[in-house]
Participant: 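One structure, pasted below without further comment.
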Amino acid sequence: MSVGIKLRQLDAYRWEIPQEGKMRTRGLIFCAAEMIPALRQDQSLQQVANVATLPGIVGPSLAMPDIHWGYGFPIGGVAAFDLATGVVSPGGVGYDINCGVRLLRTDLHRSEIAGLVQELVDTLFSNIPSGLGSRRRDFKLAPPTLKDVLRYGAAWAVKNGFGNADDLLHIEAGGCIKGADPELISGQALERGHDQLGTLGSGNHFTEIGYVQEIFDETLARALGVFLDQVTVIIHTGSRGLGHQVCDDHIKKLLQASTKYGFDLPDRQLCCAPIQSPEGEEYLAAMAAAANFAFANRQIITHWVRETFQQVLGLGPKALGLELVYDVAHNIAKIETHTVNGRPQKLCVHRKGATRAFPAHHPEVPALYQETGQPVLIPGDMGRYSYLLVGTQQAMEETFGSTCHGAGRILSRHQALKRARGRSIVKELAAQGIIIRGAGKGTVAEEIPEAYKDVEQVVEVVHGAGISRKVAKLHPLGVIKG
Ligand SMILES: Nc1nc2c(ncn2[C@@H]2O[C@H](COP(=O)(O)O)[C@@H](O)[C@H]2O)c(=O)[nH]1
Ligand SMILES: [Mn+2]
Ligand SMILES: [Mn+2]
């Protein structure tokens, strides 16, 4: 519980944890007043304060409205560190390195798939291996090839027939984080990754067919290729067992490094190393390799989504228009240049359960979105809605170009299972016109919509605070859960 943490309301969307004790800076939380009581129920506010004690932190220790308790850093947390004096921490990235979201558009109106959603869901389910430890047995990669995946990310997938070069223009960082060093990936991590490429994984990972239910900004929507009642697909997955193992390996190393560098940490889970130390550089290079695995993973799944639609609808790629709107990472640390006190400064920005939200005209935003700003993809839950936003200048000024990443859990898996007992969630959602297929026993129950905050409230905060702008709301029609 974060009961003792002082919290000062600054305005309708901003709350401050004043700097005190060992904190080197203040905490700044974006959220609405009605979210505060639930927030105090877990350790996440304490975690915002803990992050503020880390060496070299620049600006406030930030949290987005989907904040909840995580490993060391809160999920929904953003923290930037000076390259020369700051640290990098695996806890600030999370176990699922480059877990992220990809939104695909189509040229289809929802009426064109009416009556076919069940078949689309079933075919997606058989084409995309899903569930805990899911493996694609006919897709084994020998270690030298896997190392190419780790080096080149989504480009490896495209080169090997999964998608086209244009896809790469619609992915954060072009689908490849520079500086990846596959030689730093342990044998155990390679072993866990060798047959998990092109798999969804378990729990909250999903592929979802939906449609555009509401448009908030017609000009932005048109520029992003989005229209009312359009069929869409969202893919949410990450770096699977490989990324998990990379995180585990480096937590062990950085626990030792924290002692070596004499860090006085309020929580061992914040273990870290100076960014410019051998341990820090190794973690960043291994993290980049795992991030590239995740980009390739989402790219391969995209290929199977395209094949599925072609197979079920009997349409060719041109008629389908199944193209990427964008692909964003929401668990990553990146070296970026931001303006701090009026001067450009190179920082290592940790986004853990947070999305980059760069504005129009930013050099890292792809040419085709220079006028709109970077698309930001915010999944909600399998029963309500998800959002498409864009990044803003305000985000650059306040949050190192960052925003929320989802609704955020409010019930533990155990609590959700209890809430779902005696109910058929599949039937309840079917009655609302949403077809669900879950791979794991209990997954659907653990993932009931009430397990998450209402993403509309989360999005109202980031839109109201000006750190992102609403473009469209998407409604689910059929979901495969891992
Ligand atoms: N549209 C859907 N959104 C979902 C579903 N399951 C989870 N979610 C949302 O995704 C984020 C991802 O959070 P992460 O921390 O696990 O990366 C989560 O907060 C939910 O809001 C779904 O089936 N469909
Ligand atoms: Mn995720
Ligand atoms: Mn994940």
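Whatever order the structure lists them in is the order used to number ligands and atoms, beginning at 1. Quantities reported herein were computed from a predicted structural model and do not represent experimental measurements.
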Participant: Under the criterion side-chain contact (heavy atoms from CB on, under 4.5 Å), which of D167, V325, T302 is the partner of L104?
Facilitator: T302

Participant: Run down the list G438, G210, G380, G406 and name the one with the heavy atom closest to atom 9 (C) of ligand 1.
Facilitator: G380

Participant: Under 2.8 Å from the Mn ion (ligand 3), is there any N, O or S atom belonging to H205?
Facilitator: yes

Participant: Whether D107 and R105 form a salt bridge (side-chain N of Lys/Arg under 4.0 Å from carboxylate O of Asp/Glu) is what I want to check.
Facilitator: yes

Participant: Considering only non-hydrogen protein atoms, determine which one is nearest to atom 24 (N) of ligand 1 and report residue, atom name and distance to 0.1 Å.
Facilitator: E208 OE1, 2.6 Å

Participant: Can you find an N or O of H68 that's nearer than 3.5 Å to an N or O of ligand 1?
Facilitator: no

Participant: Return the orientation label for the Y387 and F216 ring planes: parallel under 30°, perpendicular over 60°, tilted otherwise.
Facilitator: parallel

Participant: Is the closest N or O pair between R409 and ligand 1 shorter than 3.5 Å?
Facilitator: no

Participant: Taking the side chain as every heavy atom from C-beta outward, state whether K352 and H405 have any atom pair closer than 4.5 Å.
Facilitator: no

Participant: Could you check if a side-chain atom of F206 sits within less than 4.5 angstrom of a side-chain atom of I436, using non-hydrogen atoms only?
Facilitator: no

Participant: Does ligand 1 have an atom that lies less than 4.0 angstrom from a heavy atom of N204?
Facilitator: yes

Participant: Determine whether any heavy atom of P476 lies closer than 4.0 Å to an atom of ligand 1.
Facilitator: no

Participant: Assess H330: does it contribute an N, O or S atom lying under 2.8 Å from the Mn ion (ligand 2)?
Facilitator: yes

Participant: Answer yes when K470 and D217 have at least one side-chain N-carboxylate O distance shorter than 4.0 Å, and no when they do not.
Facilitator: no

Participant: What I want to know is whether Y385 and ligand 1 share at least one N or O pair that is separated by under 3.5 angstrom.
Facilitator: no

Participant: Quick one: does V455 get a heavy atom under 4.0 Å from ligand 1?
Facilitator: no

Participant: Would you say I234 and V101 make side-chain contact, with heavy atoms under 4.5 Å?
Facilitator: yes

Participant: Run the salt-bridge test on E364 and R356 with the 4.0 Å N-O cut-off and return the result as yes or no.
Facilitator: yes

Participant: Which residue from P379, P449, C404 reaches closest to atom 11 (C) of ligand 1 through any of its heavy atoms?
Facilitator: P379

Participant: Evaluate G408 for polar contact with ligand 1, using N/O atom pairs at a separation under 3.5 Å.
Facilitator: yes

Participant: Who's the nearest protein heavy-atom neighbour of atom 6 (N) of ligand 1, and how far?
Facilitator: K481 NZ, 2.9 Å

Participant: For atom 12 (C) of ligand 1, find the nearest protein heavy atom and state the residue, atom name and distance (0.1 Å precision).
Facilitator: H236 CE1, 3.6 Å

Participant: Does the pair R240/D195 count as a salt bridge with the N-to-O cut at 4.0 Å?
Facilitator: no

Participant: Could you check whether any heavy atom of K453 sits closer than 4.0 Å to an atom of ligand 1, since that is the contact criterion I want to use?
Facilitator: no

Participant: Looking only at N/O atoms, are A407 and ligand 1 under 3.5 Å apart anywhere?
Facilitator: yes

